Amino acid sequence: MTIKTISLSCCFGGNVGFYQHQSRVCNGLMKFAVYQPPSPAVNLPVLYFLSGLTCTPENFITKAGAQKFAALHGLLLVMPDTSPRNTGIANEDLDDDLGSGAGFYVDAVQEPWKQHYNMYSYVTQELPEIIRANFPVSDRQGIFGHSMGGHGALICGLKNPGMYRSLSAFSPIVNPMISPWGQKAFKNYLGDNQTLWRGYDSTELVKQQQVPFPILIDQGSADQFLANQLMPEHFAQACAASNQSLQLRIQEGYDHSYYFIATFIADHLRYHAELLT
């Protein structure tokens, strides 16, 4: 449970910290960022943000403008990396959508990935243990994410309905079994077992398991990945069929960028605060 502080900076009365630790789950060094609000509370609610392809713990915390609203609502934000790095796996850094920066929030079962690429267990088990051991937090947790991280947030929430009290996403990959990004990742990390694939596909998961609160999703209408990678209508149809409450907002003219996230981040933190506090 030992962590090393890389840097610490004041921000909106609280602080942004970057940390690293030796991960037993990923079998190597992992990094994450935390925003701790200016609150005297010792039982802060925790909100995890999962980033998308190619991102590091720095992208969201430096681009989304979330700290102001986390300070307002008294939320502790946690931003893990998107994959293990420098593991020694051949061609780990070759593609943007596989290996470094592209862990896809699954537990790999295929060689050579399975020794390190266990991001699902890292996000849902080891990282919360680290946070509880080192920060003044309660057991009230929420999770959200963007793109690949939106996929990660949805599957973590749906696979663990008692673990999180709020769940949202920006531009999530909701049906990775038929998305080119998802198919490439699943084939390499999980092999050909379609049962394993379905266990990491939110459109399939919501048919079997729902959460007792509304899910919030924002999607830009001008997103270049909307039609062939993201396909939010598939998730919406599955939610309707399974009576899962969903607020899917199509935001006219917005793309896949952090400009989109920054525009609607206040809404998401307000949504999470209402459920967590």
Side-chain angles (χ1 to χ4, degrees), residues 33 35 47-70 77 79-83 95-105 119 123 142-157 166-186 200-203 206 214-239 246-272:
Y35 176 68
L47 180 55
Y48 292 87
F49 181 85
L50 307 184
S51 294
L53 288 168
T54 75
C55 288
T56 71
E58 295 186 14
N59 292 77
F60 177 80
I61 202 67
T62 58
K63 295 180 179 180
Q67 296 94 305
K68 175 181 179 180
F69 305 105
L77 298 177
M79 288 73 44
D81 204 347
T82 48
S83 76
D95 296 330
D96 288 341
D97 54 0
L98 185 70
S100 295
F104 244 86
Y105 304 103
M119 290 300 295
V123 167
I143 192 166
F144 69 144
H146 172 233
S147 193
M148 178 187 72
H151 143 78
L154 290 171
I155 64 167
C156 288
S166 57
L167 173 59
S168 75
F170 294 94
S171 314
I173 305 169
V174 298
N175 204 176
M177 291 185 70
I178 62 173
S179 159
W181 280 336
Q183 289 177 338
K184 180 176 180 178
F186 284 8
Y200 291 110
D201 186 306
S202 58
T203 295
V206 79
I215 299 171
L216 171 63
I217 293 178
D218 272 316
Q219 172 64 62
S221 68
D223 191 318
Q224 64 268 41
F225 305 114
L226 178 58
N228 67 332
Q229 298 281 13
L230 307 179
M231 299 169 280
E233 67 278 5
H234 294 188
F235 187 66
Q237 291 163 5
C239 285
L246 170 69
Q247 185 179 13
L248 172 61
R249 310 192 306 184
I250 304 299
Q251 304 291 1
E252 190 65 31
Y254 286 90
D255 59 18
H256 201 70
S257 72
Y258 267 86
Y259 300 117
F260 167 55
I261 296 174
T263 301
F264 299 103
I265 191 64
D267 290 353
H268 281 248
L269 266 67
R270 186 183 307 112
Y271 155 84
H272 286 282

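Given the structure is predicted, the values throughout are model-derived calculations rather than measurements.
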Checklist entry - What is the ring orientation for W181 with H256, classed by angle as parallel under 30°, tilted 30 to 60°, or perpendicular over 60°? => result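 Judged by the thresholds at 30° and 60°, the geometry between W181 and H256 is tilted.
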Checklist entry - Between F264 and F260, what is the ring plane arrangement, given parallel below 30°, perpendicular above 60°, and tilted in between? => result perpendicular
Next on the checklist: Would V123 and L50 count as a side-chain contact (heavy atoms from CB on, under 4.5 Å) here? Give the steps.
Outcome noted: CA-CA 9 Å; V123 167; L50 307 184; 4.0 Å; yes
Nearest non-hydrogen partners of [X] and [Y], listed with the distance:
X	Y	result
Y105	G149	CE1-CA, 3.6 Å
Q67	I61	NE2-O, 2.8 Å
G52	M148	C-CE, 3.8 Å
T82	C55	OG1-O, 2.6 Å
A236	L246	CA-CD2, 3.7 Å
L226	G220	CD2-O, 4.0 Å

Does any part of the side chain of [Y], heavy atoms only, come nearer than 4.5 Å to the side chain of [X], both counted from C-beta?
X	Y	value
Y254	Q219	no
I217	P172	yes
S51	M79	no
Y48	L77	no
F60	H146	no
F235	I215	yes
L98	K184	yes
I178	M231	yes

Is there a donor-acceptor pair under 3.5 Å between the side chain of [X] and the backbone N or O of [Y]?
X	Y	value
T263	Y259	yes
Y271	P214	yes
S83	G101	yes
D223	F225	yes
S168	F144	no
T203	V174	yes
D218	F170	no

Rounded to the nearest 0.5 Å, how far does [atom2] of [Y] lie from [atom1] of [X]?
X	Y	atom1	atom2	result
M119	C156	CE	SG	9.0 Å
Q229	S171	CD	OG	12.5 Å
C239	Q247	SG	CD	12.5 Å
F49	H268	CZ	NE2	9.5 Å

Next on the checklist: Looking at D96, I'd like to know if its CG atom is crowded, meaning that more than 12 non-hydrogen atoms belonging to other residues, nucleotides or ligands lie closer than 6.0 Å.
Outcome noted: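 No.
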Item to check | Stepwise side-chain contact (heavy atoms from CB on, under 4.5 Å) test for I143 and L47 | outcome: CA-CA 5 Å; I143 192 166; L47 180 55; 5.6 Å; no
Checklist entry - Which is it for R270 and H272 under the side-chain contact (heavy atoms from CB on, under 4.5 Å) test, yes or no, and what are the steps along the way? => result CA-CA 5 Å; R270 186 183 307 112; H272 286 282; over 6 Å; no
Checklist entry - Do we see a donor-acceptor contact under 3.5 Å between the side chains of N59 and T56? => result yes
Checklist entry - Going through the checks in order, is the side-chain hydrogen bond (donor to acceptor under 3.5 Å, both in side chains) test met by H151 and S202? => result CA-CA 7 Å; H151 143 78; S202 58; 5.6 Å; no
